[in-house]
Asks: 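Structure in structure tokens, see below.
Chain letters run A, B, ... following the sequence lines, proteins first and then strands; every chain starts at 1.
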Amino acid sequence: MMRLKCASAMPLVLGALISGGAASVQAADLEFYFPVGVNAPAVATIEELTNKWAAQNPQHTVKAVYAGNYEETTTKALTAAQAGDPPQVAVLLSIDLFTLVEEDVILPISDIATTAEDQAWMDGFYPAFMSDSRFEGKTYSIPFQRSTPVLYFNKDAFRAAGLDPETPPKTWDEMIEMGKKLVVKDDNGNVTQWGTRIPTLGLGGAWLFGGLVVSKGDVLSTETGTEARFDTPATTAALEFLVQLSDEGVMQPGGISWGDTPKAFLEGQTASMWTSTGNLAFINENAEFDWGVGFLPGGDGPGAPLGGGNFYIFKETTDEEREAALDFIKFMTAPENAARWSIATGYVAPRPDTWETPEMKAYSEKLPQALVALDQLPYAYREFATFQRAKVTQYLVDAIESVVTGGSTAAEALAKAQEGADSVLSDYK
Amino acid sequence: MSNSGASIEVKNLRKSWGAVEVLSDVNFGIEPGGFLTLLGPSGCGKSTLLRLICGLDEVSGGQILINGADVAGKPAAERNLGMVFQNYALFPHMTIEENISYGLRIRKVPKAEKKKSVDRVAELMALGNLLDRKPGQLSGGQQQRVALARVLVSGRPLVLMDEPLSNLDAKLRVEIRSEIRSLNKKLGITIVYVTHDQSEALSMSDRVVLMNAGVVAQVGTPKELYEHPANTFSATFIGTPPTNILDSLEVAFPADLKIAGGLKLSECLFGIRPESLAFPAEDLDFKVRARVQSIEYEGKVFLIHMRTDAGTAIVVSYSGGSVPDEGEEITVGWNRDATHVFSRSDGKATTLVY
Amino acid sequence: MNKRLPLGLGFVLLVMPCSLLVAFTHYPAVRALINSLWNNASSRRPSKFVGIENYEALIADEKLMQVLTNSGLYALGTIPLAIFLSISMALLVNSKLPATGLMRLSFFMPTMLPLVAVANIWLFFYAPGIGLASQIMNFFGLPTINFLGSTETSLASMMVVAVWKEAGLFMIFYLAALQAVPENLKDAARLEGAGPVRVFIDVVFPLLRPTTIFVAVNALINAFRLVDHIIVMTKGGPDNSSALLLYYIYEVTFRQRDFAYGATLTVLMVAILGVLAAFQFWVLDRKTHYQ
């Protein structure tokens with residue numbers, strides 16, 4: 001590894017000597033881990049952008065490593081870091097912050113982005129997205145592929161049910177009321193089209209659940225990373241709402257998987273669904289019907305979780321690598337490139353200036369659905385994150401799954417989850 | 001155990017696998033209580049024939065009459081016969097008792113009756129103290145007796161045996177051979193027995209069906225087969241060492257010799273058993289010159305392997321005093337009444353006329 | 001042949017396998033045992049010796065109880081199912097039906113696929129409403145079953161995937177064993193009046209016993225060893241209804257990064273497998289072969 005680095009740096013050094021040593025920019029070789037979590041040609045776009053950066057910065061090199069889904073990428077990056085050979089830069093879940101801090105492998109970006117210019121750059125991101133990159137007063141990560149769930153609905157199905165295709169449901173009550181009208185059954189009484197589909201299984205289910213809770217005016221976790229608010233009136237109401245959806249026949253009973261949901265929507269198995277904006281491009285390409293996007297219907301008002309990945313810089317890096325990494329991140333979040341990424345995937349561009357680019361304007365004109373997530377942003381709140389996130393989140397996942405599959409009542413399950421979370425987090429208080 | 005055997009008759013039986021005919025026009029029969037042997041070299045169709053009789057394979061044509069009733073279309077289990085397989089086919093995972101009583105169990109014979117039958121054949125076959133063992137713990141001879149017991153316990157009037165002695169050593173073979181023969185006589189069951197060993201066939205059978213390449217070469221009593229071979233195959237297959245076959249052209253024979261049925265002498269083969277050849281040959285009717293190749297000492301006799309001037313190998317079974325030397329050329333001869341005559345063209349037997 | 005190896009060469013030859021065994025089998029096992037006696041340290045939590053605390057947590061772990069129950073049910077379900085299916089397939093391809101070559105190939109195909117690929121195929125098969133299973137059920141007017149999304153069906157669905165994947169391989173073993181059953185034993189039974197079913201039950205199946213034991217042992221090992229399809233299809237859910245022991249270890253160790261408790265669970269699994277191995281040797285030692 002070291003030898004390779006030396007060898008590739010050699011011509012540059014020679015070049016610098018020949019030109020009289022005037023060049024002050026130091027060369028760095030970056031390794032960049034990234035995950036893919038959406039149905040989109042993400043790998044090709046990432047490679048296209050990294051190649052562009054490398055072309056503009058011939059003194060540096062960058063190797064983009066596709067490392068699987070979010071979870072796998074975090075595991076790989078942590079394993080590499082523990083082996084003493086971490087990537088210099090990686091896109092990891094924004095909520096992995098506490099884990100990465102606890103493992104002491106990342107560097108606060110605010111420690112290296114110290115100029116006034118850097119400060120202005122960091123201030124240029126939507127505050128909602130920056131909210132989960134801070135810990136103990138420092139900024140650790142930079143928003144990149146951010147998403148938030150929205151309601152996708154089949155306008156043709158709304159028309160067929162005699163509903164106005166331009167006014168999707170806005171509240172839980174409306175969801176049930178309209179959902180009942182959207183259900184279609186065959187001659188045997190079996191449902192061929194459900195009213196809606198909210199994934200309830202696994203981490204995807206837990207993510208969306210965060211939105212339900214926000215809309216009831218509460219949050220699942222706070223910035224401290226040591227508090228899980230699983231057993232509250234808001235969580236109970238949210239869980240009971242999910243049960244009510246299937247009890248009233250609007251949603252398929254039992255657990256609903258994240259992965260099948262876009263397919264079920266495209267196949268007309270459901271008239272609406274809750275899923276990430278990251279699926280916009282996929283739905284746009286594959287839907288054979290008229291479809292729209294709306295805010296997530298809420299309990300007491302709109303509410304949604306935020307999600308997705310941020311850029312992190314790893315601690316075990318040289319000054320040159322840190323500088324190059326920061327430059328790389330700035331490049332990737334620059335308006336033109338962020339627009340390219342956003343259009344290719346459906347992720348919400350994390351800076352207002354991106355939305356001002358001609359490409360983005362043309363895109364949002366052609367696909368106005370893309371703007372809904374942006375409008376929903378003020379009502380969105382950070383995704384559940386604490387220390388020992390995976391372990392604590394699992395308590396929430398178990399609670400949701402046991403209730404939607406009829407294993408226990410909301411009150412019971414949430415109390416148990418709270419107890420488990422508290423015992424894990426007591427170490428950190 | 002019934003004491004009366006069944007008669008069996010096979011008429012115009014044919015069997016083909018696809019286009020290949022492996023048995024054609026087979027006819028023979030045996031009376032109740034008889035011992036019939038299907039004899040022939042390997043691949044002659046005798047085992048196929050046995051499988052047709054017991055019903056494990058389907059006939060392509062012809063009839064199989066057991067006690068006068070055609071069973072050709074019936075499943076094996078309904079033919080009321082038993083079979084002893086070449087490797088005994090004992091069920092290795094069952095005890096000897098379970099092996100013997102398997103058929104009774106299938107036919108749901110009451111327990112008490114089953115026990116009585118098993119005990120009876122166990123006693124008959126001297127298996128009493130082995131009933132709890134597994135076949136793997138028994139010697140070959142014991143396994144053979146179990147296989148017999150399994151067939152006898154059901155009291156079937158007809159028992160088929162497929163080379164049952166081929167896996168035993170020579171001494172045991174002779175022992176079991178006589179045991180089978182005495183069972184046949186004592187119980188009165190009919191036995192159809194397959195073997196490639198002609199001495200086995202001659203010593204045990206009431207009747208032998210000699211087969212060659214899917215056709216019956218000769219049917220008869222052992223004595224008929226030995227003394228009146230119907231063709232050269234029969235002559236050479238029966239008896240050890242085999243019958244010598246000499247072309248009439250290389251033999252000096254009496255001038256008054258004539259062949260029945262108008263066959264010319266020049267179209268004949270002569271068959272002579274080794275024990276009928278003798279020397280010196282001055283007084284004998286037929287003579288041939290031959291050179292001694294090798295001499296085997298057999299105890300009672302010498303087997304002198306010779307080659308005629310024309311190159312035909314012959315064997316003389318000689319019990320005289322002075323043995324010729326290897327390489328010596330002598331004249332051997334035989335008498336008229338020891339001569340079998342066959343047509344050179346089709347190998348069929350004919351007779352001499354005086 | 002009796003020439004002795006030079007001492008040095010003998011030593012070198014011994015060192016190779018021994019060091020591999022130590023590095024990849026013994027050391028990790030001992031390491032797991034040691035780790036299970038310490039807490040789960042991180043840069044913010046100093047490591048400390050906790051004695052049997054992790055084992056106390058093990059006993060109190062309700063989820064573990066469910067996982068062990070699941071694993072037991074899974075093993076008990078997949079073993080007879082795999083045996084039944086592989087024998088049936090072997091009998092089918094061993095018969096005189098036409099196109100047995102094609103059948104053999106298609107039955108064996110799942111074995112050649114990686115388990116992750118198999119899981120993806122079945123993920124689509126089970127998808128409620130859109131999957132093949134749903135479409136077949138709809139065709140017969142039956143309601144859609146949420147195979148992976150309900151606690152009643154998820155574990156059974158995982159069993160079906162595992163059996164589908166492994167039965168093809170077991171079929172090959174049964175096929176070889178079937179062809180080794182002497183034809184005249186079946187003939188002997190047939191002559192006594194046994195029908196095809198009786199011949200199979202009385203003669204063929206008992207003679208397949210060594211293979212059956214082999215297959216059962218392998219199916220048992222697979223039941224504890226293979227969890228790829230769980231990771232791909234259900235992640236142990238819903239509500240842990242399809243979580244198996246190895247999957248739980250994976251989740252605790254790599255997703256929750258609780259290496260100490262993961263090590264404790266690993267020690268438990270090694271102990272269980274040790275007991276199973278001892279039991280297998282005991283069974284295999286008993287007479288299972290006939291000549």
Asks: Heavy-atom distances under 4.5 Å only: say whether A/Gln394 touches chain C with side chain, backbone, both or neither.
Replies: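 Answer is side chain: those atoms of A/Gln394 sit under 4.5 Å from chain C.
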Asks: Is A/Glu223 salt-bridged to A/Arg134, going by a charged N under 4.0 Å from an acidic O?
Replies: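 No.
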Asks: Let me know if A/Ser402 has heavy atoms under 4.5 Å from chain C in its side chain, its backbone, both or neither.
Replies: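 Both parts, backbone and side chain.
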Asks: Looking only at heavy atoms, which of residues 143-155 of chain C get nearer than 4.5 Å to chain A?
Replies: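 From residues 143-155 of chain C, the residues near chain A are C/Pro143, C/Asn146, C/Leu148, C/Gly149, C/Ser150, C/Thr151.
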Asks: Contact part of A/Thr99 toward chain C, heavy-atom cut-off under 4.5 Å: side chain, backbone, both or neither?
Replies: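 Interface part for A/Thr99: side chain.
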Asks: Ignoring hydrogens, what is the shortest heavy-atom contact between C/Leu169 and C/Thr111? Give both atom names and the distance.
Replies: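 Closest pair (atom of C/Leu169, atom of C/Thr111, distance): N-OG1, 3.0 Å.
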Asks: Could you check whether A/Phe289 and A/Phe265 have their ring centres less than 6.0 Å apart?
Replies: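 Yes, ring centres under 6.0 Å apart.
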Asks: Name the member of C/Glu62, C/Glu251, C/Lys235 that forms the most heavy-atom pairs with chain A at distances under 4.5 Å.
Replies: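 Heavy-atom pair counts peak at C/Glu251.
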Asks: Assign the ring pair C/Tyr74 / C/His229 to parallel, tilted or perpendicular, where the plane angle (0 to 90°) is split at 30° and 60°.
Replies: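 Tilted.
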Asks: Without swapping roles, check the side chain of A/Lys391 against the backbone of C/Gln256 for a donor-acceptor pair under 3.5 Å.
Replies: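 Checking the backbone N and O of C/Gln256 against the side chain of A/Lys391, no donor-acceptor pair under 3.5 Å is found.
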Asks: Does any heavy atom of chain C fall under 4.5 Å from the side chain of A/Asp427, the backbone, both, or neither of them?
Replies: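 It is the side chain, since no backbone atom gets that close.
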Asks: Among A/Leu201, A/Thr405, A/Asn188, A/Val397, single out the residue with the greatest number of heavy-atom pairs under 4.5 Å to chain C.
Replies: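 Result: the option with the highest number of such pairs is A/Thr405.
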Asks: Answer with side chain, backbone, both or neither: which region of A/Lys185 has an atom nearer than 4.5 Å to a non-hydrogen atom of chain C?
Replies: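 Neither; nothing under 4.5 Å.
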Asks: Salt bridge or not for A/Asp398 and C/Lys63, using N-O below 4.0 Å?
Replies: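 Yes, this pair counts.
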Asks: Taking the six-membered ring where the residue is Trp, are the ring centres of A/Tyr395 and A/Phe230 under 6.0 Å apart?
Replies: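 No, the ring of A/Tyr395 stays outside the 6.0 Å limit from the ring of A/Phe230, centre to centre.
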Asks: Report which part of A/Ile400 has an atom under 4.5 Å of a heavy atom belonging to chain C: side chain, backbone, both, or neither.
Replies: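 Contact with chain C: none, neither part.
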Asks: Between A/Phe135 and A/Tyr140, how do the two ring planes meet: parallel, tilted or perpendicular, split at 30° and 60°?
Replies: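 Rings of A/Phe135 and A/Tyr140: tilted, as their planes differ by 30° to 60°.
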Asks: Do C/Phe108 and C/Phe170 have ring centres separated by under 6.0 Å?
Replies: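 No.
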Asks: A/Met273 and A/Pro262: which non-hydrogen atoms are nearest, and at how many Å?
Replies: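 Closest approach of A/Met273 to A/Pro262, heavy atoms only: SD-CA, 3.8 Å.
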